[in-house]
*Asks:* 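Let me begin by handing over the structure; questions about it come next.
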Amino acid sequence: MTSPDVLDSYAPVVAEWYSANARDLPWRRAGTTPWGVLVSEVMLQQTPVVRVAPAWHEWLARWPTPAALAADQPGEAIRAWGRLGYPRRALRLHECAVAITERHGGVVPSVLDELLALPGVGTYTARAVAAFAYGQRHPVVDTNVRRVAARAVLGEPDAGPTTTAADLTLVESLLPLEPPLAALVSAALMELGAVVCVARTPRCGVCPLAERCRWLISGAPAPVGPTRRPQTYAGTDRQVRGKLLAVLRESHGPVAKDALDAVWGDQVQRERALAGLLEDGLVVTPAPGIYALP
DNA sequence: TATACGTGGTG
DNA sequence: TCACCAAGTAT
């Protein structure tokens, strides 16, 4: 257990550090709309900042409002998604735009439960939008924040694999009472995890929390067990799906089956991947043997 | 709770 | 080289 006094000491230190060290990211600039924030948050789900920035500018220039995106075809969103990965996010963002236009008069909702009800918006993204677009006080817990909290507060080498209720409670206890300041601290915790308290080789020498980091103070012990993860992308259905969708993305119109057949040798796996794309609504088949983006 | 879901950079 | 990692969500 950590005393309230100690928990209260993190926020001002992190806030001050952030004020002097925050990266100048496009979606953080004054004038960014809640829609711009939402688009950035979805794009940043599992995709690094450097790859998101150009796509974000293109999207916001082309679809400055939810209504603008909702009026376009979902396939255009998928095409404009480019190579950000996990293209179902583009589809969900389009569904989001439709929902916001139909249910919320074209205004990105500010109420947490209403944000959570949007397609593709989960625990993290809903709180991020509420905090960063609307200045509300919510724990915004992503992989960076969980790592910072695990190390600095709990003294553990790393965080667990997924966000738990305990994570939200812990981070909430670190936030100052005043909503706009709490939102700033939330951004600061994420930034610290993204550029200083990084996963592989943390830069403890420049960390503002070094003197109160329980993990560092205890000697920065390495993680214990073999943290296995089922990875390896080559040869997976995901890779095949990616290749199939790339053909459709780069085509201006529908393509014949032959064009898709050319991207992967194993017919069984290829058909399975294509069936999955159809199932997910990422691909449609307007006529037998013809495929297109929705 | 475990698994599926893209893509590219890096130590 | 290759396993790990990057602002998660849905099922």
Side-chain angles (χ1 to χ4, degrees), chain A residues 18 22-23 25-28 36-56 78 81-93 95-96 115-133 138-148 158-165 167-168 171 183 186-195 197-203 223 226-249 263 269 272-273 275-277 279-283:
Chain A
Y18 183 71
R23 289 170 294 176
L25 302 178
W27 41 87
R28 284 180 180 163
V37 172
L38 175 57
V39 171
S40 78
E41 293 301 341
V42 173
M43 287 184 168
L44 286 163
Q45 294 169 2
Q46 304 286 280
T47 302
V49 164
V50 287
R51 280 198 280 149
V52 164
W56 183 83
I78 296 171
W81 196 251
R83 307 187 68 78
L84 292 181
Y86 293 148
R88 55 174 49 172
R89 289 182 291 164
L91 196 54
R92 299 251 166 78
L93 216 31
E95 293 170 4
C96 237
L115 286 163
L116 281 168
L118 295 173
V121 174
T123 303
Y124 162 76
T125 304
R127 287 171 174 74
V129 172
F132 304 147
H138 296 289
V140 182
V141 182
D142 71 339
T143 186
N144 291 310
V145 175
R146 285 189 292 113
R147 187 170 53 247
V148 170
D158 278 304
T162 56
T163 298
T164 65
D167 291 326
L168 292 177
V171 173
S186 292
L189 288 170
M190 290 179 60
E191 186 78 348
L192 189 65
V195 305
C197 192
V198 295
R200 208 88 63 103
T201 51
R203 304 166 58 207
T227 58
R228 77 286 185 190
R229 59 174 56 232
Q231 191 55 344
T232 63
Y233 174 65
T236 62
D237 286 5
R238 283 152 79 172
Q239 183 184 22
V240 182
R241 287 168 57 110
K243 285 180 175 295
L244 291 171
L245 204 57
V247 171
L248 293 167
R249 240 184 2 237
V263 305
Q269 188 178 25
R272 186 173 64 227
L277 289 170
E279 172 87 9
D280 292 345
L282 255 17
V283 176

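Note that these values count all heavy atoms, side chains included, but never hydrogens, waters or copies made by symmetry. Throughout, a chain's letter reflects where its sequence line sits, starting with A, and its residues are numbered from 1.
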*Asks:* Go through C:dT9, B:dT7, B:dG6 for me and flag the one nearest to the A:Tyr124 side chain.
*Replies:*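 My answer, after comparing the listed nucleotides, is C:dT9.
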
*Asks:* Can you name the residues that form a side chain to side chain contact (heavy atoms under 4.5 Å, CB included) with A:Val198, not counting sequence neighbours?
*Replies:*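 So A:Val198 forms no side chain to side chain contact (heavy atoms under 4.5 Å, CB included) with any residue.
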
*Asks:* List, one per line, each side-chain donor-acceptor pair under 3.5 Å for residues 42-53 of chain A, sequence neighbours excluded.
*Replies:*
residue, atom, partner, partner atom, Å
A:Gln45, NE2, A:Thr125, OG1, 2.8
A:Thr47, OG1, A:Leu84, O, 2.9
A:Thr47, OG1, A:Arg89, NH1, 3.4
A:Thr47, OG1, A:Arg89, NH2, 2.8
A:Arg51, NH1, A:Arg83, O, 3.3

*Asks:* What integer number of Å spans the C1' atoms of B:dT1 and C:dG8?
*Replies:*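 Result for the C1' pair: 16 Å, nearest Å.
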
*Asks:* Please tell me which of A:Gly120 and A:Gly193 maps to the more 5' nucleotide of DNA chain C, matching each residue to the nucleotide holding its nearest heavy atom.
*Replies:*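 Here A:Gly193 is the residue nearer the 5' end.
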
*Asks:* Hey, does A:Leu84 reach any base, or is it just sugar-phosphate, or nothing, if we go heavy atoms under 4.0 Å?
*Replies:*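 Touches a base.
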
*Asks:* Can you tell me how far P in C:dT1 sits from the matching atom in B:dG6, rounded to whole Å?
*Replies:*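 One P to the other, the span is 26 Å.
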
*Asks:* Judged by each residue's nearest nucleotide on DNA chain B, which is more toward the 5′ side, A:Arg249 or A:Thr164?
*Replies:*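 Closest to the 5' end, via its nearest nucleotide, is A:Thr164.
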
*Asks:* Under 4.0 angstrom, heavy atoms only, what part of the nucleic acid is A:Arg147 near: base, sugar-phosphate, or nothing?
*Replies:*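 If one applies the 4.0 Å heavy-atom cut-off, A:Arg147 turns out to touch the sugar-phosphate alone, with no base involved.
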
*Asks:* Let me know the distance between CZ of A:Arg238 and C1' of B:dG8, rounded to the nearest Å.
*Replies:*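 Rounded to the whole Å, the gap is 13 Å.
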
*Asks:* Have a look at A:Thr143 and say if it touches a base, only the backbone sugar-phosphate, or nothing, with a 4.0 Å heavy-atom cut-off.
*Replies:*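 Here A:Thr143 touches the backbone only, sparing every base.
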
*Asks:* Should the pair A:Arg272-A:Asp237 be classified as a salt bridge under the 4.0 Å nitrogen-to-oxygen rule?
*Replies:*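 Salt bridge present between A:Arg272 and A:Asp237.
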
*Asks:* If you check every side-chain atom of A:Arg92, which of C:dA10, B:dG6, C:dG8 has the closest atom?
*Replies:*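 In terms of side-chain proximity for A:Arg92, the closest of C:dA10, B:dG6, C:dG8 is C:dA10.
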
*Asks:* Between A:Pro161 and A:Gly82, name the one whose nearest nucleotide on DNA chain B is closer to the 5' end.
*Replies:*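 Final value for this comparison: A:Pro161.
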
*Asks:* Restricting to side chain to side chain donor-acceptor pair (under 3.5 Å), what partner residues turn up for A:Thr123, sequence neighbours left out?
*Replies:*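 A:Thr123 satisfies side chain to side chain donor-acceptor pair (under 3.5 Å) with no other residue.
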
*Asks:* If you compare every side-chain N and O of A:Arg127 against the phosphate oxygens of C:dT9 (OP1, OP2), does one of them come in below 4.0 Å?
*Replies:*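 For C:dT9, neither OP1 nor OP2 has a side-chain N or O of A:Arg127 closer than 4.0 Å.
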
*Asks:* With sequence neighbours excluded, what pairs up with A:Ala22 under the side chain to side chain contact (heavy atoms under 4.5 Å, CB included) test?
*Replies:*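 A:Ala22 satisfies side chain to side chain contact (heavy atoms under 4.5 Å, CB included) with A:Tyr18, A:Arg28 once adjacent residues are dropped.
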
*Asks:* Would you mind reading off the distance between A:Leu277 atom CG and B:dA4 atom C1', rounded to a whole angstrom?
*Replies:*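 In whole Å, B:dA4 C1' and A:Leu277 CG are 13 Å from each other.
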
*Asks:* For the pair A:Asp280 and A:Arg241, evaluate salt bridge (charged side-chain N to carboxylate O under 4.0 Å, His left out) and give the outcome as yes or no after the intermediate values.
*Replies:* CA-CA 11 Å; A:Asp280 292 345; A:Arg241 287 168 57 110; 2.8 Å; yes

*Asks:* Just the rounded figure in Å: distance from C1' of C:dT9 to CG of A:Leu282.
*Replies:*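 Whole-Å distance recorded here is 14 Å.
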
*Asks:* Side chain of A:Thr47, base of B:dG8: donor and acceptor closer than 3.5 Å?
*Replies:*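 Result: no qualifying N/O pair found.
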
*Asks:* Measure from the side-chain heavy atoms of A:Asp142 and tell me the nearest of B:dT7, C:dA7, B:dG6.
*Replies:*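 Closest nucleotide among those given: C:dA7.
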
*Asks:* Quick one: A:Lys243 NZ to B:dG8 P, roughly how many Å, whole number?
*Replies:*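 Checked: the NZ to P distance equals 10 Å.
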
*Asks:* Does OP1 or OP2 of C:dA6 have a side-chain N or O of A:Gln46 closer than 4.0 Å?
*Replies:*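 False: A:Gln46 side-chain N/O out of range (4.0 Å or more) of C:dA6 OP1/OP2.
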
*Asks:* Partners of A:Arg200 by side chain to side chain contact (heavy atoms under 4.5 Å, CB included), sequence neighbours excluded?
*Replies:*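 Applying side chain to side chain contact (heavy atoms under 4.5 Å, CB included) to A:Arg200 gives none.
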
*Asks:* Could you tell me how far apart A:Glu279 (CD) and C:dA10 (P) are, to the nearest whole angstrom?
*Replies:*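 In whole Å, C:dA10 P and A:Glu279 CD are 17 Å from each other.
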
*Asks:* In whole Å, what separates the C1' atom of B:dC5 from that of C:dC5?
*Replies:*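 That atom pair is separated by 16 Å.
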
*Asks:* Identify whether any heavy atom of A:Arg23 sits under 4.0 Å from a base atom; if not, whether one sits that close to sugar-phosphate; answer base, sugar-phosphate or nothing.
*Replies:*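 If one applies the 4.0 Å heavy-atom cut-off, A:Arg23 turns out to touch a base.
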
*Asks:* Check every strand shown and say whether A:Ala199 touches a base, only sugar-phosphate, or nothing at a heavy-atom separation below 4.0 Å.
*Replies:*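 Answer is sugar-phosphate: A:Ala199 comes under 4.0 Å of backbone atoms only.
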
*Asks:* Base, sugar-phosphate, or nothing for A:Leu25, non-hydrogen atoms under 4.0 angstrom?
*Replies:*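 A:Leu25: base contact, heavy atoms under 4.0 Å.
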
*Asks:* Under 4.0 Å, heavy atoms only, any strand: does A:Pro87 hit a base, just the sugar-phosphate, or nothing?
*Replies:*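 Sugar-phosphate only.
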
*Asks:* Side chain to side chain contact (heavy atoms under 4.5 Å, CB included) for A:Phe132 and A:Met190? Distances and angles first, verdict last.
*Replies:* CA-CA 12 Å; A:Phe132 304 147; A:Met190 290 179 60; 3.7 Å; yes

*Asks:* How many Å lie between OH on A:Tyr86 and P on B:dG6, as a whole number?
*Replies:*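 Taking atom P of B:dG6 as the reference, OH of A:Tyr86 is at 7 Å.
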
*Asks:* Over all strands shown, is A:Trp81 touching base, sugar-phosphate only, or nothing at heavy-atom distances under 4.0 angstrom?
*Replies:*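 The residue A:Trp81 makes no contact with any strand.
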
*Asks:* Scan A:Thr125 against the nucleic acid and name what it touches under 4.0 Å (heavy atoms): base, sugar-phosphate only, or nothing.
*Replies:*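 Sugar-phosphate contact only.
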
*Asks:* Under the side chain to side chain donor-acceptor pair (under 3.5 Å) criterion, do A:Arg238 and A:Tyr86 qualify, and how do the steps go?
*Replies:* CA-CA 9 Å; A:Arg238 283 152 79 172; A:Tyr86 293 148; 3.0 Å; yes

*Asks:* Give every pair of a protein N or O atom and an N or O atom of nucleotides 9-11 of chain B that lie under 3.5 Å apart, one pair per line with the distance.
*Replies:*
none

*Asks:* Nearest whole angstrom, please: distance from the P of C:dG8 to the CG of A:Asn144.
*Replies:*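 So the two atoms are 7 Å apart, to the nearest Å.
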
*Asks:* Taking atom C1' of C:dT9 as reference, at what distance in whole Å does atom CG of A:Leu44 sit?
*Replies:*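 My rounded result for the distance is 15 Å.
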
*Asks:* Please give the distance between the P atoms of B:dG8 and C:dT9 as a whole number of Å.
*Replies:*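 Here B:dG8 and C:dT9 have their P atoms 23 Å from each other.
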
